[in-house]
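Everything below concerns the one structure shown next.
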Amino acid sequence: MIDVLVVGAGIGGLTTALGLHAAGVGVRVVDAVDALRPVGVGINLLPHAVGVLTELGLGAELAATAVPTAGILHFDRHGNHIWGEPFGLARGHHWPQYSLHRGALQMILLDAVRDRLGENAVQTGTAFVRYAEPEGSGALRVTLRDVARAREFTVPVRTLVGADGLYSAVRNCLHPGEGPPLWNGVRMWRGVTEWEPVLGGRTMVIAGNNATTKLVVYPISREAETRGRVLLNWVAEVRFPVHHHGAPGPVDWNRSGRLSDVLPHLSGWRIGDLDVPALLAATGSTGRILEYPMVDRDPLPWWGRGGVTLLGDAAHPMYPVGSSGGSEAILDARALARCVALAGVDRPGGLRAYEAERWGPANAVALANRAMPVDEVLRAVAERAPEGFARVEDVLTGEELAGLGEGYRRMRGSW
C-alpha cells in the first residue's frame, strides 16, 4: 500500500513530498507528463516560503540560483515614479524574497526528492483517473493510467493529495461539474531575456495599471548576475472586454504567444533606463513568448473528505499578481506534513486539521489577488494624470500611497 500518493509534481507536490519524508511519512508522487523539464518563466518566492524551503535543507541551492529581490518600484506608463518599498531582508524579514526561473525551482525540488526518497519516488507518464473508498476497507482504491501504454491500473492508497493544478482531476472527483476557470479579461504575455543591468539590478518594477496595460519586470538569475548581466523576466498584462466568464481558448502556462500581439500595447514605453519595446523584441528574436489568460476559480467550501485532500492551485488557484501562488502552495505543503505527522494513525483527522489551518488564509489571499487592491490606486493615477506628473503627491493623497503597501500585505497574506 502507498502511504501518501501525491498527484502532481509541481512546486506544491514536490515540496509536500519533501515535508512528509522529513516527518517520517512514506510518499510517492505521480505526474501525467512524460518527463519533468525546466519549463516556464519567472516566479517569486516570498520570505515565508523561502523559510520553509530553507528548513527543508534547500537554502544553499536557492541562494546559488535565485536573485534576492531588493524591493519594488511602481511607475506610471510614462516612467514617472509613484511608490516603492523594500523586500525581504531589506524589509527586516528573516529570509530573503527570491526571484528565479520556475523551471529552476522545480528542478531543485525534483533533485532533492529523488536524492532523499529514491529515483522511483516520482513516477512520470502516470495520470490520475479516479478513486474509490470501499466501505470498511481502510484504504482508497486509486486508478491510474500509464499514459504511454494507455493502460489503467489500480493501487491501494492510504492518503491521496491532489496537487495537480488548475485542471485538477482530484478536485473534479471531489467537486464534479465545476466548469471552466473564470477569466477577468486580462491576457498576459511573458518572456525571459538576457539583458544589461537596468533599474538597479535587483528591483521588481511595475509600470502602468491593469485597466489598460501593465508591465512587470524583474531579474531571475544569480548566474547571469555573476557575469555582469541580468536575466529579465517580463510580464505584460492587457485588458480586453469580457463577453463570457470562461477563458477564451486554452489555459496553458506553456502556450506560445506572438510578439506582434503584445508589442503595440507597449509602443514607446521607457521606464528609467529600460527600453521596453527593445526588451520585448529581443525576446521575440532569441527566445519564446508565452501567452496566458488571467484566470482563477471561486473558493471551494471544503477541500477534502476521508483520506483525500487538495493542495496549491488544485485547492485555491489565484491570479499571478501578488507573488503568492507558489508561496501559498509551499505553505500548504508544510502544514499538511505537520498535521499528518501529528495526527498519527488518525489520517483523516490530520487532513481535516490541515484544511482547517490553511483554508481560510489561502482563500483570503486568493480573493485579495482577485480584488487587486493595488491596481485601484494605480488606476487612479492614470485617471488623474493621464499625461504624467512631476510630483506624485500632487496626484495621490498620503492615505492612498499608504494603501499601496496595505494592498500588497492583503495579497501576500499575514506572516
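As the structure is a computational prediction, the values presented were derived from the model and not from experiment.
- With sequence neighbours excluded, no residue forms a ring pair (Phe, Tyr, Trp, His ring centres under 6.0 Å) with His94.
- Listed by chain and residue number, Tyr218 satisfy the side-chain hydrogen bond (donor to acceptor under 3.5 Å, both in side chains) test with Asn233 (two or more places apart in sequence, or in another chain).
- Glu328 and Arg358 are joined by a salt bridge, as a carboxylate oxygen and a charged side-chain nitrogen come within less than 4.0 angstrom of each other.
- Annotation: the span from Glu400 atom CD to Thr397 atom OG1 amounts to 3.5 Å, rounded to 0.5 Å.
- The ring pair (Phe, Tyr, Trp, His ring centres under 6.0 Å) check on Phe75 picks up His81, with sequence neighbours excluded.
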Could you walk me through whether Leu53 and Leu109 pass the side-chain contact (heavy atoms from CB on, under 4.5 Å) check? CA-CA 9 Å; Leu53 297 181; Leu109 294 168; 4.0 Å; yes

Asn210 and Arg379: CA distance, side-chain angles, deciding distance, side chain to side chain donor-acceptor pair (under 3.5 Å) verdict: CA-CA 8 Å; Asn210 72 355; Arg379 286 195 295 271; 2.8 Å; yes

Donor-acceptor pairs under 3.5 Å, side chain of residues 31-38 to any protein atom, not counting sequence neighbours: which ones?
unit_1 : atom_1 : unit_2 : atom_2 : d
Asp31  : OD1    : Val33  : N      : 3.1
Asp31  : OD2    : Ala9   : N      : 2.8
Asp34  : OD1    : Arg37  : NH1    : 3.2

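- Under the salt bridge (charged side-chain N to carboxylate O under 4.0 Å, His left out) criterion, Glu55 pairs with no residue, sequence neighbours left out.
- Shown here are the side-chain hydrogen bond (donor to acceptor under 3.5 Å, both in side chains) partners of Arg171, two or more places apart in sequence or in another chain: Glu178.
- Across every non-hydrogen atom of Ala329 and Gly12, the tightest pair is CB-CA, 3.9 Å.
- Between His175 and Trp302, the ring planes lie tilted relative to each other; the angle falls in the 30° to 60° range.
- By the 4.0 Å N-to-carboxylate-O rule, Asp375 lies close enough to Lys214 to be salt-bridged with it.
- With sequence neighbours excluded, the residues that form a side-chain hydrogen bond (donor to acceptor under 3.5 Å, both in side chains) with Glu357 are Arg338.
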Distance-only criterion, 3.5 Å: show the donor-acceptor pairs between side-chain atoms of residues 306-315 and protein atoms not counting sequence neighbours.
none

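- Applying the ring pair (Phe, Tyr, Trp, His ring centres under 6.0 Å) test to pairs two or more places apart or on separate chains, those with a residue in residues 318-354 are Trp303-Tyr354.
- For residues 62-74, every residue pair satisfying the side chain to side chain donor-acceptor pair (under 3.5 Å) rule, not counting sequence neighbours, is listed here: Thr69-Ser99, His74-Tyr408.
- Each side chain to side chain donor-acceptor pair (under 3.5 Å) pair with one or both residues in residues 3-28, not counting sequence neighbours, appears once here: Asp3-Arg347.
- Evaluation of the side-chain hydrogen bond (donor to acceptor under 3.5 Å, both in side chains) rule for Arg91 yields Glu85 as partners, not counting sequence neighbours.
- A salt bridge links Glu223 with Arg227: the closest approach of a Lys/Arg side-chain nitrogen to an acidic carboxylate oxygen falls below 4.0 angstrom.
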